[in-house]
Every structure is written in structure tokens, then in C-alpha cells.
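As C-alpha cells, the structure follows; a few thoughts come after it.
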Amino acid sequence: MNRPIWTTSLVVAAAIAGVACDKVKSPEPEIDKPDTAANPMDNAASERKAFTLAAQKELEELQAVVANLRTKAEAASQESKAKLRQQVDQLELELHETQQRLTDLGTATAQTWSRLKDAFTKSLEKLKAEIENNRKNSPEN
């Protein structure tokens, strides 16, 4: 009869030891993860990169719109063609200036980023407004 009690005690002791061992873990190597709280410069750089990529995409879309307006201007009637060409030339100039501001923004330092971002944003909004105005006032709608 002592044998089943002894066996039961041994099984219970092994279970307790097993549970206790699960709570003690050997040190595992840390995987290098970027700690954005520890390095705010990296976080700011990634935010700037994301902003410039999104802005570049938006400029490419606007460039396609201006190219479409150029095509419409070339297909317009003789009397409106000259006026439309002049408007599209102005839009292309604004587009080029906005693209240059984005290029400047891409090379900005942490100190100049905010100022250049504001200048780019204003230029982009002006370009969008001029495109919209051109669409509304186009005699060839």
C-alpha cells in the first residue's frame, strides 16, 4: 500500500517542479526592433519620408491632369486654343515650381523641414486651386 502513495507523491512533486520550471525562462536573445520612443529622430525621418512619398504621388496625379488639359487645349477650337495653351503653360510652370519645392523638402534638414513643408503645402494648394479654376472656366467642357 505504500507504493501507490509513494508513486502519487512522486507524480505530484514532478508536476509542481514542472510548473515551477515553466515560470523560469532562460534568457533569450532580443530581436533588434526599432524603438521609436528611444530615437525620435528616426521616427521624424520616417514621417518626413512618408510625407514626401505621398506628396510625390499626388504631384504625379496632378501632372497627368495637366497633361490631359494640354491635350484638350490642342484639340480646342482655333479661337480658344491660344487662351487654353496660355493657361496650361501657367499650370505647367506652377507644377514645376511645386515639384522643385518637393525636391527641396526631400533634402531638408530637421531645422528647415517645417518651413519648407509649409511652403510646399501652400504651393500644392495653389496648384490644385488653379487646376480646378481652369477646369471650371474652360470653354471646352
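Note that the structure is a prediction, hence the values are computed from the model and not measured.
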Stepwise, does the side-chain contact (heavy atoms from CB on, under 4.5 Å) test hold for Arg48 with Thr52? CA-CA 6 Å; Arg48 289 194 304 264; Thr52 55; 5.6 Å; no
Heavy-atom pair of closest approach, residues Ala73 and Arg85: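 The pair with the smallest heavy-atom distance is CB-N, 4.1 Å.
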As an exercise, state the distance from [atom1] of [X] to [atom2] of [Y], rounded to the nearest 0.5 Å.
X     : Y      : atom1 : atom2 : answer
Leu84 : Asp89  : CG    : CG    : 11.0 Å
Glu92 : Leu69  : CD    : CG    : 9.5 Å
Arg70 : Glu74  : CZ    : CD    : 6.0 Å
Lys57 : Leu62  : NZ    : CG    : 12.0 Å
Gln63 : Gln99  : CD    : CD    : 7.0 Å
Glu94 : Leu127 : CD    : CG    : 6.5 Å

Considering only heavy atoms from C-beta outward, does the side chain of Leu105 approach that of Arg101 to under 4.5 Å? no
Salt-bridge criterion met for Glu125 and Lys128 (N-O under 4.0 Å):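 Yes.
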Do [X] and [Y] land in one hydrophobic cluster if side-chain heavy atoms of ILVMFWY residues count as linked below 4.5 Å?
X      : Y      : value
Leu91  : Leu102 : yes
Val66  : Leu59  : yes
Leu124 : Val65  : yes

Is it the case that more than 12 heavy atoms not belonging to Lys81 sit under 6.0 Å from its NZ atom?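 Atom NZ in Lys81 is packed in, count exceeds 12.
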Is the count of non-hydrogen atoms from other residues, nucleotides or ligands lying under 6.0 Å from Glu97 atom CD greater than 12? yes
In residues 112-120, what donor-acceptor pairs under 3.5 Å come from side-chain atoms, sequence neighbours left out?
{"unit_1": "Thr112", "atom_1": "OG1", "unit_2": "Thr109", "atom_2": "N", "d": "3.1"}
{"unit_1": "Thr112", "atom_1": "OG1", "unit_2": "Thr109", "atom_2": "O", "d": "3.4"}
{"unit_1": "Thr112", "atom_1": "OG1", "unit_2": "Thr109", "atom_2": "OG1", "d": "3.1"}

Test log, rule side chain to side chain donor-acceptor pair (under 3.5 Å), inputs Glu130 and Asn134: CA-CA 6 Å; Glu130 288 182 12; Asn134 185 285; over 6 Å; no
